[in-house]
There are 2 protein chains.
Amino acid sequence: MSTETRAVDAGGPGAGGPIRVAQVEIRPSEGLALVAGRAVSLSVRELELLSALALRSGHVVARDELFSDVWGGPLRSGDRSIDVYVHKVRQKLEAASPGWSFIHTHIGFGYRFAPEPMA
Amino acid sequence: MSTETRAVDAGGPGAGGPIRVAQVEIRPSEGLALVAGRAVSLSVRELELLSALALRSGHVVARDELFSDVWGGPLRSGDRSIDVYVHKVRQKLEAASPGWSFIHTHIGFGYRFAPEPMA
DNA sequence: ACACGTGTTCACACCCCGTTCACCGGCCGT
DNA sequence: ACGGCCGGTGAACGGGGTGTGAACACGTGT
């Protein structure tokens, strides 16, 4: 009933299979994402970040967890890479689908991926 | 067996497992609450307050008890933090589920959590 | 050597959080 | 009707987390 466990179709855990959440489809093997039918080209890091979030769609992913997932190590204090990349991905996604927000900040916790119309 | 002891599914006493009461689901570990399917982002304090109330759903929780649960100390006379945070949480919950009230005041005693349609 | 894309770091601006204050209204005893 | 206590509600404040543009370093292809 809840929005929590959405329709997330992943090819597998570590596999590069496409991930689909609402109007967003991610193709790790091709280095691109489709948002509302529009193609969005993403760099490696950007795509890994988006995938890590989309695989837990509807759930808040902690910053440390997110960092170790994408960067593969513990989050050093002062490292702002996550913020910068969240910003980059947000830009590209929202540019492809204006009026929608995809990555939501939960201060003190982390980020949550969920396509929602902007307030 | 009246309405007091409702269906409260907690992962455990001190655990961070999800709490569910009627159309409200609280995820302390994620800093997130779901109300009628809508995601409500809550701050740390807000979430702790809501959790403390929801874990005793249907029962009146005294102000001192509530304060020591959330703030972890005795309630100093003149401290209005509880009032302010009850207000904040009420706002967010009712914004996500208009026409319903969740936190009820029992003057001189405390607060009671129970989803009820507004009069 | 140069242009380009990527990933990291920096610096500054901004906003949110938690607390406290101020003011208001309702309820109760006198 | 008064004054007291209690709770509702908006706003101000300092501190810290986050947003965001730019500079920088590195690798690659031309």
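Excluded from the calculations below are hydrogen atoms, water molecules and symmetry mates; all remaining heavy atoms, backbone and side chain alike, are included. Sequence lines set the chain letters: A, B, ... in the order given, protein chains first and strands last, and positions in each chain run from 1. A quick note: this is a predicted structure, and the numbers were derived from the prediction, not measured.
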Legend entry - For A/Leu42 against A/Ala33, the heavy-atom pair lying closest together: CD1-CB, 4.0 Å

Legend entry - Nearest heavy atoms of A/Glu116 and B/Ala39, plus distance in Å: OE2-CB, 4.3 Å

Legend entry - side chain to side chain donor-acceptor pair (under 3.5 Å) involving A/Asp79 - partner list, sequence neighbours excluded: A/Arg76, A/Ser81

Inset, instruction - Report which part of the nucleic acid B/Tyr111 touches: base, sugar-phosphate, or nothing (heavy-atom distance under 4.0 Å, all strands). - result: sugar-phosphate

Legend entry - Rounded distance in Å - NZ (A/Lys92) to C1' (C/dG7): 12 Å

Inset, instruction - Please report, rounded to the nearest Å, how far the P atom of C/dC17 is from the CG atom of B/Leu49. - result: 14 Å

Inset, instruction - Taking only the side-chain nitrogens and oxygens of B/Arg45, find out if one of them lies under 4.0 Å from OP1 or OP2 of C/dT19. - result: yes

Inset, instruction - Please report the shortest heavy-atom distance between A/Gln23 and A/Pro115, naming the atom on each side. - result: OE1-CB, 3.7 Å

Inset, instruction - Could you pull out the closest heavy-atom pair between B/Ala96 and B/Arg38, with the gap in Å? - result: O-NH1, 2.9 Å

Inset, instruction - Grab the NE2-C1' distance between A/His104 and D/dT18 for me, whole Å please. - result: 16 Å

Legend entry - d(CD1, A/Ile107; C1', D/dG17) in whole Å: 6 Å

Inset, instruction - Specify the separation, in whole Å, of atom CZ of B/Arg63 and atom C1' of D/dC5. - result: 12 Å

Inset, instruction - Compare every heavy atom of A/Arg112 with every heavy atom of A/Gly58, then report the nearest pair and how far apart it is. - result: O-CD, 3.6 Å

Inset, instruction - Provide, to the nearest angstrom, the distance between the CZ atom belonging to A/Phe109 and the P atom belonging to C/dC16. - result: 16 Å

Inset, instruction - May I have the distance from B/Leu47 (atom CG) to C/dC16 (atom P), rounded to whole angstrom? - result: 18 Å

Inset, instruction - Using the rule that two of Ile, Leu, Val, Met, Phe, Trp, Tyr join whenever any of their side-chain heavy atoms come within less than 4.5 Å, decide whether B/Leu93 and B/Ile82 are in one cluster. - result: yes

Legend entry - Where A/Pro28 and A/Leu47 come nearest, the two heavy atoms and their spacing: CA-CD2, 3.2 Å

Inset, instruction - Examine C/dG7: is either OP1 or OP2 under 4.0 Å from a nitrogen or oxygen in the side chain of A/Ser43? Give yes or no. - result: yes

Legend entry - Inter-end axis angle, the helix from C/dA1-D/dT30 to C/dT30-D/dA1, with every axis fitted to five base pairs (rounded, 10 degrees): 20°

Inset, instruction - Please determine if a side-chain N or O atom of B/Arg90 lies less than 4.0 Å away from the OP1 or OP2 oxygen of D/dG8. - result: yes

Inset, instruction - Please determine, by modelled atom types, if B/Glu30 and A/His106 share a side-chain donor-acceptor pair under 3.5 angstrom. - result: no

Legend entry - Nucleotide D/dG16, atom P - distance to NE2 of A/His106 in whole Å: 24 Å

Inset, instruction - Look at the side-chain N and O atoms of B/Thr105 and state whether any lies under 4.0 Å from the OP1 or OP2 oxygen of D/dG8. - result: yes

Inset, instruction - Please list residues of residues 70-88 of chain B whose heavy atoms come under 4.0 Å from any atom in DNA chain D, ordered by number; otherwise none. - result: B/Arg80, B/Asp83, B/His87

